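Here is the structure we will look at.
Note that the coordinates shown come from a computational prediction; the quantities given were computed from them, not determined experimentally.
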Amino acid sequence: MKNELLAKYILGEANTKEGQRVEQWLEESEDHQREFRQLKRRIELGSKRYKYGVFDPRQAIQKVKFPAKAHYLRILPVAASIIVLISSVLWFWNKSSFQETVLLSRTGETKIFYLPDSSRVTLTGDSRLTYNAQFGKTNRELALRGEAFFRVKRDTSKPFIVETSLIQVEVLGTSFQVIAEKLQAEVCVEKGRVKITTQDKKQESILETGMSVKYGKKDRKLMISTKEDKGEQQILKFDNAPLSEVIETLNEYYDSHVTLPADYATLRITVVFKEASLEEAIEIINRTLDIQLTI
């Protein structure tokens, strides 16, 4: 029952229909009668502030303190503020959480990036890697289109997962290469272990150092091979890239420690390494630039 109607009844301002509603409400329970008596005492105290014969029930309600309902009314603005604040925080959190970072490399170039968790990725050719603002905080999930080589920082609490249109790659080791195209995906494990799962969840496999897998959209079969089966399959492309960047990539790729002399720091090179060992790559650089790098 509204306090306004009860106040009108108590002070004789209610019409016949309103009076009947109040009386029926009073007969329903002792709690209603108790609430009525408490309200009546406060209305009588509050009405003393007004001249005899003059009564504005809305004004009386504003002047009288009702313990339960008035308290509820007082907290409404606060509650509304809290709701607005929470909504704003959730909106901002959701928006920031789903904001994506996009890493790109163009055709013919190789780029090196460090991810928020300190993992390192080398993008080759026309490639695109995306992750959201929670990467490194609550997850380590990325989406790849193109070709990338990953050297992953160990964190057992947050799996490092690379999603492609055809397969999912979950890192159980440290470094691997992923080639994600529309019709085919390929993963080569340079060091460590990775778990491969097809997007339809029907096939999965564990790859270890030196192993690779191909998965085609047409045949939909995981074709696994070892390094002995297929030989070295590394393909690295550089387009007018600083020699320092090339050497850094090779060191990461082959887990080597080739040192670049300061005299060579300003040199640039365009080169493609396909199925080449580290020794062969260094020899190609030396012949191309007429220098003498050593391993």
Do the side chains of [Y] and [X] get nearer than 4.5 Å, heavy atoms only?
X: T198; Y: R220; result: no
X: I291; Y: D263; result: no
X: F113; Y: R120; result: no
X: L115; Y: L142; result: yes

**Study point:** Greater than 12 external heavy atoms within 6.0 Å of E28's CD
**Key:**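 Atom CD in E28 is crowded, with more than 12 foreign heavy atoms closer than 6.0 Å.
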Exercise for review: Report, as yes or no, whether the 6.0 Å neighbourhood of atom CZ on R268 holds more than 12 heavy atoms from other residues, nucleotides or ligands.
Suggested key: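 Yes, enclosed.
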What is the minimum heavy-atom distance between [X] and [Y], and which atoms define it?
X: S118; Y: K153; answer: CB-CD, 3.6 Å
X: L250; Y: S256; answer: O-OG, 3.7 Å
X: K201; Y: Q168; answer: NZ-NE2, 4.0 Å
X: T259; Y: P261; answer: O-CD, 3.4 Å
X: E141; Y: Y131; answer: O-CB, 3.6 Å
X: V152; Y: R140; answer: CG1-NH1, 3.8 Å

Say you draw a straight line from [atom1] of [X] to [atom2] of [Y]; how long is it, rounded to the nearest 0.5 Å?
X: K137; Y: K158; atom1: NZ; atom2: NZ; answer: 11.5 Å
X: I167; Y: Q184; atom1: CD1; atom2: CD; answer: 10.0 Å
X: E186; Y: S212; atom1: CD; atom2: OG; answer: 6.0 Å
X: R145; Y: K182; atom1: CZ; atom2: NZ; answer: 8.5 Å
X: E181; Y: L144; atom1: CD; atom2: CG; answer: 10.5 Å
X: L260; Y: I285; atom1: CG; atom2: CD1; answer: 9.0 Å

Check your understanding: With sequence neighbours excluded, what pairs up with K195 under the side chain to side chain contact (heavy atoms under 4.5 Å, CB included) test?
Key ->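 With neighbours one apart ignored, the set is E170, L172, T197, E204, I206.
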Test of understanding: clusters of I, L, V, M, F, W, Y form through side-chain heavy atoms closer than 4.5 Å, transitively. Do [X] and [Y] belong to the same one?
X: L293; Y: I295; answer: yes
X: V258; Y: F149; answer: yes
X: I112; Y: I179; answer: no
X: I161; Y: V194; answer: no

Distance-only, no hydrogens or angles: does the [X] side chain make a donor-acceptor pair with backbone N or O of [Y] under 3.5 Å?
X: E245; Y: P242; answer: no
X: Q199; Y: T164; answer: yes
X: Q33; Y: L26; answer: yes
X: S105; Y: G125; answer: yes
X: T209; Y: G192; answer: yes
X: T130; Y: V102; answer: no

**Study point:** side-chain contact (heavy atoms from CB on, under 4.5 Å) partner of F160, the single match among V171, N139, V169
**Key:**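 Testing F160 for a side-chain contact (heavy atoms from CB on, under 4.5 Å) against V171, N139, V169 leaves exactly one candidate, V171.
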Point to revise | Full working for side-chain contact (heavy atoms from CB on, under 4.5 Å) between Q292 and T294 | key: CA-CA 6 Å; Q292 295 296 322; T294 59; 5.7 Å; no
Exercise for review: Quick one: do F238 and E109 satisfy side-chain contact (heavy atoms from CB on, under 4.5 Å)? Show the steps, please.
Suggested key: CA-CA 5 Å; F238 300 91; E109 71 177 6; over 6 Å; no
Practice item. Please state whether the rings of H32 and W25 are parallel, tilted or perpendicular, taking 30° and 60° as the class boundaries. Key: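 The arrangement is parallel - the two ring planes meet at less than 30°.
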Exercise for review: For the pair F176 and F150, name the ring-plane relationship: parallel under 30°, tilted 30 to 60°, perpendicular over 60°.
Suggested key: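 Parallel: the ring planes of F176 and F150 meet at under 30°.
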Review point. Does a donor on one side chain and an acceptor on the other come within less than 3.5 Å for E190 and S175?
Key: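 On atom types as modelled, these side chains qualify, holding a pair under 3.5 Å.
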Review point. Under the side-chain contact (heavy atoms from CB on, under 4.5 Å) criterion, do Y264 and I247 qualify, and how do the steps go?
Key: CA-CA 11 Å; Y264 301 156; I247 296 303; over 6 Å; no
Exercise for review: Let me see the working for F135 and D117 under side-chain contact (heavy atoms from CB on, under 4.5 Å), right down to the final yes or no.
Suggested key: CA-CA 8 Å; F135 183 91; D117 69 336; 3.5 Å; yes
